[in-house]
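First up is the structure itself, then whatever we jot down about it.
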Amino acid sequence: MLLHVPEVLTPDELRQCRDLLRDAPWTDGRATAGAQSAVVKNNEQLPSRCEQAQALQAIVLRALERHPLFFSAALPKRIFPPMFNRYGGTANTYGPHVDMAVRHTAQGGVRVRTDVSCTLFFADPDEYDGGELEIDDTFGSRRVKLPAGDMVLYPGTSVHGVAPVTRGHRLASFFWIESMVRSDEQRRLLFDLDMALMRLREREGESAEAVALTGTYHNLLRMWADT
Ligand SMILES: O=C(O)CCC(=O)C(=O)O
Ligand SMILES: [Fe+2]
């Protein structure tokens, strides 16, 4: 499933993030790439231990925690500590690649299975040319470029890359989620049911049918979730 999650950050959080990103110690993004992706990767990233990355991580994680659409779509069990990248100038692209199935955090060596991939945008589309996130999957090929503060969520299994940025800078956070529900198909069914239930409640309030279907949602989650 590919999902646009709007307004993950408030305007105030976005401003704080952009201030932190401005004076950050950017380094070669190849440092965290696997053997295959290092060949096509040409961007910059923040070292995860620098103070700016730590402050940014706290803002992003807090924003994710309060977002019901993100929770419903990802059903997160573990979130890889968000990382931060920049494309522009001579380090301006990331060719087609696949993400490693399991990532180890730099801190405690915690393992995260990369069921869901996320990109949270910090720059608005009119601030740079190019820089679309190109995602190839069973739904075909999609090019994604979102307003600052918005996020895209897509299957960790897909081939994806970032088109060359030919003007300005593209700033983003990227990270992975190990979901309580490993299967993309099952997660999608739960998400669709949750969204339909929300609309049903808006229209009819707490009807007997809404209660029964909420029970079905939770029984499916109980059957499929690995917590
Ligand atoms: O910059 C992005 O949107 C995606 C980055 C990415 O695919 C990666 O670092 O593996
Ligand atoms: Fe990637």
Side-chain angles (χ1 to χ4, degrees), residues 1-6 8-9 14 17-18 21 24 26-48 50 53 56-57 60 63-64 70 73-74 79-106 111-125 127-137 141-179 184:
M1 174 170 67
L2 185 147
L3 184 74
H4 172 184
V5 185
V8 171
L9 300 175
L14 183 59
C17 289
R18 288 182 58 122
L21 291 163
W26 293 102
T27 52
D28 189 337
R30 275 176 280 239
T32 60
Q36 182 267 324
S37 45
V39 179
V40 291
K41 188 172 188 181
N42 181 25
N43 67 358
E44 293 176 296
Q45 284 176 197
L46 288 190
S48 58
C50 74
L56 285 155
Q57 275 176 4
V60 173
L64 293 175
F70 164 74
I79 302 178
F80 191 88
M83 295 167 74
F84 303 89
N85 65 17
R86 178 168 80 168
Y87 301 77
T90 51
N92 69 347
T93 189
Y94 196 166
H97 67 279
V98 287
D99 294 335
M100 288 183 268
V102 178
R103 307 267 330 194
H104 295 252
T105 60
R111 282 196 297 263
V112 177
R113 193 183 60 229
T114 57
D115 298 324
V116 179
S117 300
C118 297
T119 293
L120 169 62
F121 291 79
F122 293 122
D124 269 316
E127 293 180 77
Y128 59 97
D129 290 335
E132 293 84 2
L133 176 62
E134 299 178 334
I135 306 164
D136 296 330
D137 203 28
S141 182
R142 295 271 294 271
R143 290 164 74 84
V144 182
K145 186 168 175 173
L146 299 177
D150 288 15
M151 183 170 84
V152 62
L153 201 136
Y154 59 100
T157 48
S158 60
V159 174
H160 59 278
V162 176
V165 170
T166 54
R167 177 188 62 88
H169 283 94
R170 174 196 194 268
L171 297 161
S173 176
F174 64 100
F175 51 93
W176 299 273
I177 289 139
E178 178 172 327
S179 179
D184 193 55

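Because the structure is predicted, anything quoted here is derived from the model rather than measured. Whatever order the structure lists them in is the order used to number ligands and atoms, beginning at 1.
- Among I79, I177, D184, the one residue that satisfies the side-chain contact (heavy atoms from CB on, under 4.5 Å) test with V116 is I177.
- The aromatic rings of Y94 and H97 sit parallel, their planes meeting at an angle under 30°, below the 60° perpendicular limit.
- Ring pair H160/Y154: centre-to-centre distance below 6.0 Å.
- A side-chain contact (heavy atoms from CB on, under 4.5 Å) with P82 holds for exactly one of C118, S173, S48; it is S173.
- For the residue pair T32 / Q45, a side-chain donor-acceptor distance below 3.5 Å is found, with atom types taken as modelled.
- Protein atoms of type N, O or S found under 2.8 Å from the Fe ion (ligand 2) total 3.
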Between the protein and ligand 1, which nitrogen or oxygen pairs come in under 3.5 Å, and how far apart is each?
| residue | atom | partner | partner atom | Å |
| --- | --- | --- | --- | --- |
| ligand 1 | 1 (O) | N85 | ND2 | 2.9 |
| ligand 1 | 1 (O) | Y87 | OH | 2.8 |
| ligand 1 | 1 (O) | R170 | NH1 | 3.0 |
| ligand 1 | 3 (O) | T119 | OG1 | 2.8 |
| ligand 1 | 3 (O) | R170 | NH1 | 3.3 |
| ligand 1 | 3 (O) | R170 | NH2 | 2.9 |
| ligand 1 | 7 (O) | H97 | NE2 | 3.2 |
| ligand 1 | 7 (O) | H160 | NE2 | 3.0 |
| ligand 1 | 10 (O) | H97 | NE2 | 3.2 |
| ligand 1 | 10 (O) | D99 | OD1 | 3.0 |

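- Although no hydrogens or angles enter the test, the distance criterion places no donor-acceptor pair under 3.5 Å between the side chain of T114 and the main chain of G156.
- The environment of CZ in R142 is sparse: at most 12 heavy-atom neighbours from other residues, nucleotides or ligands sit within 6.0 Å.
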Intermediate values then yes/no, salt bridge (Lys or Arg N to Asp or Glu O under 4.0 Å), E127 and R18: CA-CA 13 Å; E127 293 180 77; R18 288 182 58 122; 2.8 Å; yes
Stepwise side chain to side chain donor-acceptor pair (under 3.5 Å) test for Y87 and N92: CA-CA 4 Å; Y87 301 77; N92 69 347; over 6 Å; no
